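Remarks on the structure that follows.
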Amino acid sequence: TVQLVESGGGSVQVGSSLRLSCTVSGDTDRSNCMGWFRQAPGKEREGVATIFTDRGSTYYGDSVKGRFTISQDSAKNTLYLEMNSLKPEDSATYYCAADSSWSDFCAPEASLMDSWGQGTQVTVFS
């Protein structure tokens, strides 16, 4: 199994930036796809960004393209999400996730992931 722990959430003003972190541990030998997802109250879970951890290719949801950046630091076993130009509609609980099996498909689709962190809250206010 893969263990994921998110951190870095908080309450910020519209237009500001925030960086989320996800520490990764456990059996990651067969995992090559990770991502960030978010869910606001009363709404379905939304794909934010994903990354092929073996090759570095990244994919983003339409609502965050040009504003968010997903990256990784293999030496620190950490996944990041840099969020810029934050909007009130970005407010949600953000989850780090991983596909524990080797995959040739790594899109920001929640159904692809089978390991999840506990989530970290992000609130953007005017």
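Counting from 1, the numbers follow the sequence of the chain as shown. Computed from a predicted model, the values in this text were never measured in an experiment.
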Min side-chain heavy-atom separation Glu89-Ser63 under 4.5 Å: no
Give the minimum heavy-atom separation between Gly26 and Gln3, together with the two atoms involved. CA-OE1, 3.3 Å
Linking I/L/V/M/F/W/Y whenever their side-chain heavy atoms sit closer than 4.5 Å, directly or via other members, would Val2 and Val5 fall into one cluster? no
Pairs of donor and acceptor atoms involving the side chains of residues 75-87, under 3.5 Å and at least two apart or interchain, shall be tabulated with distances.
| residue | atom | partner | partner atom | Å |
| --- | --- | --- | --- | --- |
| Thr78 | OG1 | Lys76 | O | 2.9 |
| Asn84 | OD1 | Ser17 | OG | 2.8 |

On a heavy-atom basis, the closest approach of Gly119 and Glu6 is N-OE1, 2.9 Å
In terms of ring plane angle, is the pair Tyr94 and Phe68 parallel, tilted or perpendicular, where the classes change at 30° and 60°? tilted
From Thr69 atom OG1 to Arg67 atom CZ, the distance as rounded to the nearest 0.5 Å: 11.0 Å
Gap separating the SG atom of Cys33 from the CE atom of Met113, nearest 0.5 angstrom: 3.5 Å
In terms of heavy-atom contacts, Gly47 and Phe37 come closest through CA-CD2, 3.4 Å
Assess whether atom CD of Glu44 is packed by more than 12 heavy atoms of other residues, nucleotides or ligands within 6.0 Å. no
Answer whether the closest heavy-atom distance between the side chains of Met34 and Ser115 falls below 4.5 Å. no
Supply the atom-to-atom distance Arg38 CZ to Arg45 CZ, rounded to the nearest 0.5 angstrom. 13.0 Å
Donor-acceptor contacts under 3.5 Å from residues 99-110 side chains, at least two apart:
| residue | atom | partner | partner atom | Å |
| --- | --- | --- | --- | --- |
| Asp99 | OD1 | Ser101 | N | 3.1 |
| Ser100 | OG | Asp114 | OD1 | 3.0 |
| Ser100 | OG | Asp114 | OD2 | 2.9 |
| Ser103 | OG | Phe105 | N | 3.0 |
| Ser103 | OG | Phe105 | O | 2.8 |

Which heavy atom of Ser91 sits nearest a heavy atom of Ala40, and at what distance? O-CB, 3.8 Å
Measure across Gly117 and Tyr95 and return the closest heavy-atom pair with its distance rounded to 0.1 Å. O-CD2, 3.7 Å
Could you tell me the separation between the CD1 atom of Ile70 and the CG atom of Leu20, rounded to the nearest 0.5 Å? 10.5 Å
Just how far is it from atom CD of Gln72 to atom CD1 of Ile51, taken to the nearest 0.5 Å? 4.5 Å
Between the CG atom in Asn32 and the OG atom in Ser57, the distance rounded to the nearest 0.5 Å is 10.5 Å
Note, Val24 side chain near Leu4 side chain (heavy atom, < 4.5 Å): yes
